[in-house]
Amino acid sequence: MSRVELRGFGWRHAGRRAWAIRDVDLTIEHGERVLLLGPSGAGKSTLLAALAGLLPDDSGESAGRVTIDGREPREARDRTGIVFQDPQTQLVMARSGDDVAFGLENRGVPPAAIWPRVSDALDRVGFPYPITRSTGALSGGEAQRLALAGVLALRPGLLLLDEPTANLDPAGAALVREGIARAQERSDDDTTLIVVEHRVAEALPLVDRVVVLEPGGGIRADGDPEVVFASYGDRLTADGVWVPGFDIPPLKSRTPATEELARAEDVTVGQRLRAPVSMCVGAGEVLAVTGPNGAGKSTLALVLGGLLAPTGGSVTAFGDPRPPHKWRAATLTQRIGSVFQNPEHQFVTARVADELAVGPRRVGLSDEETGRIVDALLERLRLTKLAQANPYTLSGGEARRLSVATALATAPRLLVLDEPTFGQDRRTWIELVTLLATLRDEGHAVVAVTHDDDFVQTLADRTLPLGAPRVHDPLPRRRRP
């Protein structure tokens, strides 16, 4: 069990004027289950990192005090488990079973107990593969399940979850929530839970308390979920919190798609996309690519974006006889803009403003033209105050908006977006979806890989569902190789 206490806590990243989070006074008792809310950029992930003892002294400035059972967070790591927004950052082994076992081995768990706990944790999160599955072959959602299994296997006294279902298909997300609930129900493990989730309704059954961070610092609301939402619902909605019961009007296209911009015929990519996929997308439409984790959605997005060559079938776009992966970089940048599932994988500079300028400069625009584009995108996607920040210090939602902005910087006719609404609060979600609707109505085409049903219902003009993933590993999970 773990008791959490913060008194006047604050953190400012090195090189930033604004505090990521400040003036937080909070006590969480043993065994409490807390949903931590707040708009994008309010400091939720920073608070979790502080509790996990993962804010190095040389990476920023701290204020106040944080303790877990009276100890500094770094001294309490043996009882703390955290799942990050980007699960790839915490996978360390080549095989899935070994990755879950890694933490148990480091904690000195007896060898005879390790593999039953590995198997139990994988079952609880619905991991669909044997323990021999390569971690490098996992989709983003599958990696998220594996990372959660690695933490659950440790049976921590304090469990910190940063959007644990954000990249999961609905069935996988339900399995993970069930796994978290089962972990909480263990009679011998009264775990304290702090979970960050933008989608409130799905997380509420897991918690008994809601804490809402004030955008400017401190805590806006704290208490029973029903009382908090009844008392602060309108104000929280205005701040961007996904308060249950607030619907979003559809933004479907009113006109049919015009010219065809891209087409795939019987495309396959080795083991990553085995079932042939055929599709087309035209100017003036949004095509949502859906399906379970591991079905090949992100792989298809890379192929359509000209960033990966298919091993079978063909891709054509913009009437060019060459496939997109053989275009010159400047040509590809002007025609197709891509957003990766993990936004950090596409950042190449140390400042947000410089990141937005990369594309325009690559296609030969002047400094004056580039500056106008950068300023407009910063304003449009609520990034102006972060123009001088390092992209790697942004929150998950801010990093996602920056990655979308970089794709828009060269005004490509075709946008290929992988989970474009990941990490967004209600306000920035609406702004981002409205922006995509405007681009579509101006004649752009959008292909969006997504598990976000609200995105599909609100914006998608057509849906391309990919099939269930196939399991290729021949060995059973429960046997240690």
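The analysis underlying the following values was restricted to heavy atoms, covering all of them including side chains, and did not include hydrogens, waters or symmetry mates.
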Measuring from [X]:[atom1] to [Y]:[atom2], what's the distance to the nearest 0.5 Å?
X      : Y      : atom1 : atom2 : answer
Ile194 : Leu159 : CD1   : CG    : 9.5 Å
Arg372 : Leu365 : CZ    : CG    : 9.5 Å
His13  : Glu61  : NE2   : CD    : 12.5 Å
Leu394 : Phe347 : CG    : CZ    : 6.5 Å
Leu148 : Ile82  : CG    : CD1   : 12.0 Å
Ser298 : Leu308 : OG    : CG    : 11.5 Å

For the backbone of [Y] and the side chain of [X], can you confirm whether one donor and one acceptor N or O come within less than 3.5 Å of each other?
X      : Y      : result
Ser278 : Asp266 : yes
Arg124 : Ala149 : no
Arg440 : Val286 : no
Arg12  : Arg17  : yes
Ser403 : Val339 : no
Arg400 : Gln341 : yes
Thr410 : Thr333 : yes
Gln90  : Phe84  : yes
Thr237 : Val243 : no
Trp327 : Arg322 : yes

Measure the shortest side-chain to side-chain distance between [X] and [Y] over non-hydrogen atoms and say whether it is less than 4.5 angstrom.
X      : Y      : result
Ile131 : Ser96  : no
Leu381 : Leu402 : no
Leu304 : Val267 : no
Leu439 : Leu408 : yes
Arg380 : Thr438 : yes
Val446 : Leu459 : no
Ser40  : Arg382 : no
Val404 : Leu432 : yes

How far apart are the closest heavy atoms of [X] and [Y], and which atoms are they?
X      : Y      : result
Asn293 : Glu142 : O-OE2, 3.5 Å
Tyr129 : Gly294 : OH-CA, 4.4 Å
Leu138 : Gln88  : O-NE2, 4.3 Å
Ser45  : Asp162 : OG-OD2, 2.6 Å
Pro39  : Val241 : N-CG2, 4.5 Å
Arg274 : Thr268 : O-CG2, 3.4 Å

Next item on the list: Take Asp454 and Val433, measure what side chain to side chain contact (heavy atoms under 4.5 Å, CB included) needs, and give me the verdict at the end.
Entry: CA-CA 10 Å; Asp454 287 330; Val433 168; over 6 Å; no

Margin query: Taking side chain to side chain donor-acceptor pair (under 3.5 Å) as the criterion, tell me which of Glu431, Gln424, Arg426 meets it with Thr428.
Written below: Gln424

Check: Can you name the one residue among Leu436, Val447, Val449 that meets side-chain contact (heavy atoms from CB on, under 4.5 Å) with Leu417?
Finding: Leu436

Check: Going through the distances and angles, do Arg209 and Asp222 end up as a salt bridge (charged side-chain N to carboxylate O under 4.0 Å, His left out)?
Finding: CA-CA 7 Å; Arg209 178 181 172 190; Asp222 182 0; 2.8 Å; yes

Got a sec: does the [atom1] of [X] have more than 12 other heavy atoms crowding it under 6.0 Å?
X      : atom1 : value
Lys252 : NZ    : yes
Arg362 : CZ    : no
Tyr232 : OH    : no

Next item on the list: Given side chain to side chain contact (heavy atoms under 4.5 Å, CB included), test Leu146 with Arg133 step by step and report yes or no.
Entry: CA-CA 11 Å; Leu146 183 63; Arg133 180 71 169 181; over 6 Å; no

Next item on the list: Apply side chain to side chain donor-acceptor pair (under 3.5 Å) to Gln144 and list each qualifying residue two or more places apart in sequence or on a separate chain.
Entry: none

Classify the side-chain pair [X]/[Y] by whether it contains a donor and acceptor separated by less than 3.5 Å.
X      : Y      : value
Glu355 : Thr349 : yes
Glu419 : His451 : yes
Thr421 : Asp452 : yes
Ser366 : Glu369 : yes

Next item on the list: Would you sort out whether Leu377 and Leu383 count as a side chain to side chain contact (heavy atoms under 4.5 Å, CB included), showing the intermediate values?
Entry: CA-CA 8 Å; Leu377 287 170; Leu383 295 169; over 6 Å; no

Notebook entry, point to check: Yes or no on side chain to side chain contact (heavy atoms under 4.5 Å, CB included) for Thr406 and Leu356, after CA distance, side-chain angles and deciding distance?
Noted result: CA-CA 5 Å; Thr406 60; Leu356 292 175; 3.9 Å; yes

Acceptor/donor pairs from residues 212-219 side chains to any protein atom, 3.5 angstrom cut, sequence neighbours excluded:
unit_1, atom_1, unit_2, atom_2, d
Glu214, OE1, Arg220, NE, 3.0
Glu214, OE2, Arg220, NE, 3.3
Glu214, OE2, Arg220, NH2, 2.4

Note to self: What verdict does the salt bridge (charged side-chain N to carboxylate O under 4.0 Å, His left out) test give for Arg177 and Glu197, after you've listed the backbone C-alpha separation in whole Å, the side-chain angles of each residue and the deciding distance to 0.1 Å?
What the structure shows: CA-CA 12 Å; Arg177 287 192 293 270; Glu197 274 285 9; 5.9 Å; no

Notebook entry, point to check: Restricting to pairs with a member in residues 281-301, which pass salt bridge (charged side-chain N to carboxylate O under 4.0 Å, His left out), not counting sequence neighbours?
Noted result: Glu285-Arg462

